[in-house]
Amino acid sequence: MCDRSLEKAQADFRVALCDSFNTPVALDVLRDIVSRVNVYINSSGKALNLEVVTRVARWVGDMLRMFGLGEGPCMEAEIGWGQDRSSSLDNVAVSRARTYLRHPGLRTR
């Protein structure tokens, strides 16, 4: 996982929204980057680059908030999309990134 993956996702997301606000394609882009981050987290072990994971998680959270998902305020340093989070599978990368950031000792691979 690298910054290029995030940049590509951001570009693809923008293209989808510029195409008559193609929300299904835009959400597919978000789902794809979350899946890629999950694979990256599970396969990286101690080489995990938390900076990249954090940037992806924050961007995905920002985009989900843009669509009105999540409720309540979101502090600038928070990872997620507000106080009332659903339990969908798309939350997995954000949850894992948050866990790794809060508890770096959990990275045992």
Asker: Do Gln10 and Arg14 have side-chain heavy atoms sitting under 4.5 Å apart?
Answerer: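 They are not in side-chain contact.
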Asker: Salt bridge check: are Arg58 and Asp62 linked by an N-O gap of less than 4.0 Å?
Answerer: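 Result for this pair is no, no salt bridge flagged.
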Asker: Over all heavy atoms of both residues, which pair between Val25 and Ala16 is shortest? Give the atoms and the distance, please.
Answerer: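 Heavy atoms only, the tightest pair is CG1-CB, 3.6 Å.
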Asker: Do Val15 and Phe21 sit in the same hydrophobic cluster, where Ile, Leu, Val, Met, Phe, Trp and Tyr count as joined when their side-chain heavy atoms come under 4.5 Å apart?
Answerer: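 Each belongs to a different hydrophobic cluster.
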Asker: In sequence, state the C-alpha distance, the side-chain angles, and the governing distance for Ile41 and Leu48, and then conclude on side-chain contact (heavy atoms from CB on, under 4.5 Å).
Answerer: CA-CA 7 Å; Ile41 289 171; Leu48 182 70; 4.0 Å; yes
Asker: Just by modelled atom types, is the Val53 backbone N or O under 3.5 Å from a matching donor or acceptor in the Tyr40 side chain?
Answerer: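 Looks like no, no N/O pair under 3.5 Å.
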Asker: Specify the closest pair of heavy atoms between Ile33 and Ser5, including all atoms of both residues, with the distance to one decimal.
Answerer: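 Where Ile33 meets Ser5 most closely, the heavy atoms are CD1-O, 3.8 Å.
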Asker: Has the side chain of Asp32 got a donor or acceptor atom that lies under 3.5 Å from a matching backbone atom of Asp28?
Answerer: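 No, the answer is negative, given that no donor and acceptor are paired below the 3.5 Å cut-off.
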Asker: Return the CZ to CG distance between Phe67 and Leu27, rounded to the nearest 0.5 Å.
Answerer: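 Those atoms lie 5.0 Å apart.
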Asker: What distance separates Leu64 CG from Met66 CE, expressed to the nearest 0.5 Å?
Answerer: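 If I round to the nearest 0.5 Å, the distance is 9.0 Å.
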Asker: Starting at CZ of Arg36, measure out to CG of Leu6 and round the result to the nearest 0.5 Å.
Answerer: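 These two atoms lie 12.0 Å from each other.
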